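The figures here come from the full heavy-atom set of this structure, side chains too, leaving out hydrogens, waters and symmetry mates. Just so you know, these numbers come straight off a predicted model, no measurement behind them. Residue numbers begin at 1 in each chain, while the letters A, B, ... track the order of the sequences.
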2 protein chains.
Amino acid sequence: MPARRRASNTSCPSRGSNLPSHAETLAELLRGRGHRVTRQRTIVFDALRKGARAGKHLSAETVYERVRQQHPEIDRATIYRTLNFFCELGLVHQADLNGRHVFEPTGTHPHHHLLCARCGHTLVLNADALQDLARTLLRKTGFRLDARHLILPGVCAHCARAAEQTA
Amino acid sequence: MPARRRASNTSCPSRGSNLPSHAETLAELLRGRGHRVTRQRTIVFDALRKGARAGKHLSAETVYERVRQQHPEIDRATIYRTLNFFCELGLVHQADLNGRHVFEPTGTHPHHHLLCARCGHTLVLNADALQDLARTLLRKTGFRLDARHLILPGVCAHCARAAEQTA
DNA sequence: TTCTGTGCAAACGCTTTGCACGACT
DNA sequence: AGTCGTGCAAAGCGTTTGCACAGAA
């Protein structure tokens, strides 16, 4: 397999492992797979969880900023390494929001996002909204859609109304 | 409007203007909108058209390389500026393929892409395949899906078969 | 004690930008 | 002639990497 130089992390393999609900479970999971449990990994994972609870997708940079507030000694490189590591482990999904990578823990129920081009807000879209599409694709082309975390562009109801009134 | 620093070009506004079929039409269109017709713009546009004819999405870097073969004096910065310029004019669409921006002239019939995570190949998907989804979204959430050039991840029929046999 | 993971610093790839010159209108 | 677009060079941003040390096993 040719070593892709960049974007090697864009397609999280995700082995279907689900998000542990407590930090302890993270520790168990890491140890169980022969990885070490470090302060940094716990901290980064907590930051992601907090972000997810707030319905936010965090970019690597954002994670770094949040982590730094409490733990200024943790390096940017560690954040990136840890995020990619989680991604490979399937603990975290990565998506592309407006050309920027964003991360979110797996295990929050499968969903996608609707990104409004006007106001920039994102709506959560339940994953099964795409099942019809997936079925059709499979039937017609044999392509097995594996869309775990899409970000679909468009215009939200609110902005659409606003646009109509202006027109 | 707050000046977004980066990714300001990620969301091509696209005013619905269609691709001219000859270089002359490009010239007319540019002049018509009060822009200058330059050698560089014509060359870049031709490169994109050639790429599109070959069914390829070209990254800025690829466009640069192709252009450079014939016109080594044209600078990388010009390529980027010109691509963004075309994008703003709605002559070109931009999509995000595996974390890389790719460009394609508008006016090739509206379509999306299915990107196989295994072999990396892309299949073209007719745009109306998403119309059911768009309708459902509009009805349920009021969100007006405006997906002109999505790249959907998954596994192509060929790779799916190969995976089954291994399993 | 061993060896993985980290901090540090530097490099990387892609993209944008400031400036002065060149060329389209 | 006026001004937009370009080449050049440098910087920017997000991200990765080499190396030596720290700390989990």
Value for CZ (B/Phe85) from CG (B/Leu89), rounded to nearest 0.5 Å, stands at 4.5 Å
Side-chain contact check for B/Glu73: nearest option of C/dG7, D/dG7, D/dA25 is D/dG7
Atom CZ of B/Arg33 and atom P of D/dG5 are separated, to the nearest Å, by 14 Å
Here the distance between atom P of C/dC14 and atom CG of B/Leu58, to the nearest Å, is 14 Å
Any base atoms under 4.0 Å from A/Ala60, or only sugar-phosphate, or nothing? Heavy atoms, all strands.
sugar-phosphate
When rounded to the nearest 0.5 Å, the distance separating OG1 of A/Thr82 from CD1 of A/Ile74 is 8.0 Å
By nearest-nucleotide position on DNA chain C, the 5'-leaning member of B/Tyr80 and B/His35 is B/Tyr80
Side-chain atoms of B/Thr82 come closest, of D/dT6, C/dC14, C/dT16, to D/dT6
* To do: Ignoring backbone atoms, establish whether B/Asn84 has a side-chain N or O less than 4.0 Å from OP1 or OP2 of C/dT16.
  => yes
Between CZ of A/Phe45 and P of C/dG5 the distance, given in whole Å, is 16 Å
Sorted by chain and residue number, the side-chain hydrogen bond (donor to acceptor under 3.5 Å, both in side chains) partners of A/Arg68 (sequence neighbours excluded) come out as none
The nucleotide from C/dC14, C/dA23, D/dA25 with an atom nearest the side chain of B/Glu61 is C/dC14
Atom CZ of A/Arg39 and atom P of D/dA25 are separated, to the nearest Å, by 14 Å
Of the candidates D/dT3, C/dG5, D/dG7, the side chain of B/Arg36 sits closest to D/dT3
Rounded to whole Å, CG of A/Leu83 lies from C1' of D/dT17 at a distance of 17 Å
* Asked: With a 4.5 Å heavy-atom cut-off, do A/Leu58 and A/Val102 have their side chains touching?
  -> no
Separation of C/dA9 atom C1' from A/Asp75 atom CG, nearest Å, is 9 Å
In whole angstroms, the gap separating C1' of C/dA10 from CZ of A/Arg76 amounts to 14 Å
Taken to the nearest whole Å, CZ/A/Arg81 to P/C/dA9 is 14 Å
Among C/dT6, D/dC8, D/dG5, the one nearest any side-chain atom of B/Arg41 is D/dG5
### Side-chain N or O of A/Thr78 closer than 4.0 Å to phosphate OP1/OP2 of C/dG7
yes
Per atom distances to the A/His101 side chain, the nearest of D/dT15, D/dG23, C/dC8 is D/dT15
